[in-house]
Amino acid sequence: MEKLRSFKSFRHLSNTDLVNEETGTELLEAQVHIWNHILTFINSMSLKCAIQLGIPDIIHNHGKPMTISQLVAALPIHQKKASFVYRLIFFTLQKVGETDDEQEGYVLTDASKLLLKHNPLSVTPFLLAMLDPIMTKPWNFSAPGSKTRTQRHFTWQTG
């Protein structure tokens, strides 16, 4: 009911009122800014997935530029999911020249070297801890105002 009331409070504004209030470019930039905030979690979750699959360590252990097909073959995934691997390499790999068999190869970036398991400066434990459901679930109940049982649980967990 609360959401319905807040929606009705904006009902008097027409689309032309909003466009006239700001230029189209400013409105578009504002929308992009908000969408970036909304979708930022995808970057973190993709990075977590790449780490859980061991992509940085697989590339590092390969010792030379690795093709996508070589990487897919080394990953513990079903072949049906192989087409999604390219989305994960964006966060961990850098495209370099050609491999021995003249195919496009990938190596670790400087940042992705911090994701290696045996790197003494590895940030992997921190990343996995911060993205663990125990740490992320309370944020679903962080809105102030309502004091539901879960809300009190968030306050108790986070202080």
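- To the nearest 0.5 Å, atoms CG (L116) and CG (L108) are separated by 5.5 Å.
- Atom-to-atom distance recorded for L114:CG and N119:CG is 6.0 Å, nearest 0.5 angstrom.
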| field | From CA spacing to verdict: side-chain contact (heavy atoms from CB on, under 4.5 Å), K117, I51 | value | CA-CA 9 Å; K117 283 182 187 173; I51 288 171; over 6 Å; no

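- Note that NE2 of H60 and CG of D57 are 7.5 Å apart. Values are rounded to the nearest 0.5 Å.
- Rounding to the nearest 0.5 angstrom, the gap separating the CG atom in L53 from the CD1 atom in I55 is 5.0 Å.
- Taking all atoms of both residues into account, the shortest heavy-atom contact from T136 to M130 is CG2-O, 3.6 Å.
- The two residues P133 and K48 come nearest to each other via the heavy atoms CD-NZ, 4.4 Å.
- Under the 4.5 Å side-chain criterion, counting only non-hydrogen atoms from C-beta, V72 is in contact with Q79.
- Residue L128 comes nearest to Q52 through the heavy atom pair CD2-CG, 4.3 Å, listed as atom of the first residue, atom of the second, then distance.
- Note that the OG atom of S112 and the CG atom of L47 stand 9.5 Å from one another [nearest 0.5 Å].
- Shortest non-hydrogen contact noted between T124 and L115 is OG1-O, 2.9 Å.
- The CD atom of Q70 lies 7.0 Å from the NZ atom of K64; values are rounded to the nearest 0.5 Å.
- T67 contributes no side-chain N or O that, together with a main-chain N or O of G105, makes up a donor-acceptor pair within less than 3.5 Å.
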